[in-house]
Amino acid sequence: QQGYATFLAGLVRTQVIAVSEAAAERRRKAAYFPHTKTFDGFDFAFQPGLNVRLVKDLMGLSFIRQARPVLILGKPGTGKTHLSLAYGHLATLAGFSVRFYACKTLLTELYASLAACTTDRLVQRTARHDLLILDDLRHVPPRPEYACLLADVIEARHQRKATILSSNLSVNEWGKALGNPL
């Protein structure tokens, strides 16, 4: 019923969409998100103190292109993880490589890598992702090495790749939580 050119253009468009969706799904799986959260499911009215304009500005993902960090602080249950996961989801759809870690998991892996002498390799692996999401800096058994290991990861990414870090602790409390007040 349609011309050859129109039919072919429709096939190509369908193929491009399918390839794009498959690639986004691979990136989503490689991110190791614990579950899928999007901004469609986020209740902006739930937190009256939330800077909605800033949250929406960050949805443009310019912070990833500019290799900027994003710090999300707030009390438990305020939506920090939801926001982090929603930014990660948007990033995978936009073609960025993303890796999600619960802070406790990353610090445990880094600490274990000390014994195997693979710390540098693990730090470099975390440094290569366009966006690294470190969720919930609080649930960690304090060890003096944790602060240095986390600093190594942050330093490897600084001004090269974007990082989102969420915590219910103030920045002043991080050293104590990590076991190294300095």
Side-chain angles (χ1 to χ4, degrees), residues 24-39 41-42 47 55 58 61 63-64 67-182:
E25 181 62 18
R26 280 192 305 276
R27 286 189 299 274
R28 190 193 62 73
K29 286 182 180 179
Y32 293 96
F33 294 134
H35 43 273
T36 301
K37 294 286 186 179
T38 65
F39 285 104
F42 188 76
Q47 293 300 326
V55 170
L58 291 172
L61 305 178
F63 73 97
I64 298 175
R68 308 269 325 237
V70 173
L71 183 58
I72 303 174
L73 299 176
K75 295 180 181 177
T78 56
K80 297 178 301 296
T81 299
H82 189 139
L83 288 173
S84 298
L85 289 169
Y87 287 126
H89 179 75
L90 282 178
T92 60
L93 293 176
F96 294 107
S97 65
V98 179
R99 182 61 165 96
F100 177 94
Y101 276 103
C103 282
K104 180 180 180 178
T105 302
L106 177 60
L107 291 171
T108 302
E109 287 182 22
L110 286 165
Y111 187 73
S113 74
L114 291 171
C117 296
T118 58
T119 307
D120 289 340
R121 200 171 334 145
L122 180 55
V123 168
Q124 291 310 310
R125 199 168 54 231
T126 60
R128 76 170 187 241
H129 300 285
D130 296 319
L131 175 61
L132 177 66
I133 300 171
L134 300 175
D135 186 53
D136 203 13
L137 178 60
R138 73 174 173 107
H139 287 302
V140 294
R143 294 185 191 264
E145 296 86 358
Y146 281 177
C148 294
L149 291 167
L150 184 59
D152 288 346
V153 170
I154 299 299
E155 184 178 324
R157 299 182 57 76
H158 181 65
Q159 295 184 340
R160 292 180 194 96
K161 302 289 183 173
T163 305
I164 293 177
L165 190 137
S166 69
S167 178
N168 64 7
L169 301 174
S170 73
V171 175
N172 295 335
E173 297 173 292
W174 289 2
K176 183 178 178 187
L178 292 169
N180 185 342
L182 295 178

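Values reported hereafter were calculated over all heavy atoms of this structure, with side chains retained and with hydrogens, waters and symmetry mates removed. Numbers here simply count residues along the sequence, with the first being 1. Source: prediction; values computed, not measured.
- Looking at heavy atoms from C-beta onward, Lys37 lies out of side-chain contact with Thr81 at the 4.5 angstrom threshold.
- When Thr105, Ile164, Leu107, Leu150 are each tested for a side-chain contact (heavy atoms from CB on, under 4.5 Å) with Leu134, only one passes: Leu150.
- The backbone N or O of Asp136 lies less than 3.5 Å from a partner atom in the side chain of Ser166, making a donor-acceptor pair.
- Of the inter-residue distances, the one linking Thr163 atom OG1 with Phe63 atom CZ reads 9.5 Å to the nearest 0.5 angstrom.
- Side-chain contact between Asn168 and Thr78: absent, with no pair of heavy atoms (C-beta onward) separated by less than 4.5 Å.
- Here Leu58 contributes atom CG and Arg68 contributes atom CZ; the two are 10.0 Å apart, rounded to the nearest 0.5 Å.
- Note that CZ of Arg125 and CZ of Arg99 are 8.5 Å apart. Values are rounded to the nearest 0.5 Å.
- For the pair Ala67 and Gln159, the tightest heavy-atom approach, listed with the atom from each and the gap, is CB-C, 3.9 Å.
- Summarising the geometry of Ala177 relative to Leu169, their closest heavy-atom pair is CB-CD1, 3.5 Å, with the distance given to 0.1 Å.
- Distance alone, capped at 3.5 Å, places no donor-acceptor pair between the Arg28 side chain and the Phe33 backbone.
- Counting heavy atoms from C-beta on, the side chains of Leu83 and Phe39 come closer than 4.5 Å.
- Taking CG from Leu85 and NE2 from His35, the interatomic distance works out to 5.0 Å, rounded to the nearest 0.5 Å.
- Residues Tyr87 and Ile133 are not in side-chain contact: their nearest non-hydrogen atoms beyond the backbone lie 4.5 Å or more apart.
- Here the straight-line distance linking atom NZ of Lys104 with atom CD of Glu109 works out to 13.0 Å at 0.5 Å rounding.
- The side-chain heavy atoms of Val171 and Leu73, taken from C-beta on, include a pair separated by under 4.5 Å.
- Looking at every heavy atom in both residues, Thr36 comes nearest to His89 through CG2-ND1, 4.2 Å.
- A donor-acceptor pair under 3.5 Å is formed between the side chain of Lys80 and the backbone N or O of Gly74.
- Side-chain atoms of Val55 and Phe42, non-hydrogen and from C-beta on, never get closer than 4.5 Å to each other.
- Using a 4.5 Å heavy-atom threshold, the side chains of Tyr146 and Asn180 count as separate.
- Listed for the Arg157 side chain is no donor-acceptor partner under 3.5 Å among the backbone atoms of Val153.
- The distance from the CG atom of Asp152 to the CG atom of Asp120 is 8.0 Å, given to the nearest 0.5 Å.
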Might you work through the side-chain contact (heavy atoms from CB on, under 4.5 Å) test for Lys161 and Leu132, ending with a clear yes or no?
CA-CA 8 Å; Lys161 302 289 183 173; Leu132 177 66; over 6 Å; no
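- A donor-acceptor distance shorter than 3.5 angstrom exists from the side chain of Ser97 to the backbone of Asp130, with no hydrogens or angles considered.
- Looking at Leu137, Asp135, Leu71 one by one, the single match for side-chain contact (heavy atoms from CB on, under 4.5 Å) with Ser167 turns out to be Leu137.
- Residue Glu155 qualifies as open at atom CD: its count of foreign heavy atoms under 6.0 Å is 12 or below.
- Between Phe96 and Ile64 there is a side-chain heavy-atom pair separated by less than 4.5 Å.
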Criterion side-chain contact (heavy atoms from CB on, under 4.5 Å) on Leu114 and Leu149, from CA distance to verdict: CA-CA 10 Å; Leu114 291 171; Leu149 291 167; 4.1 Å; yes
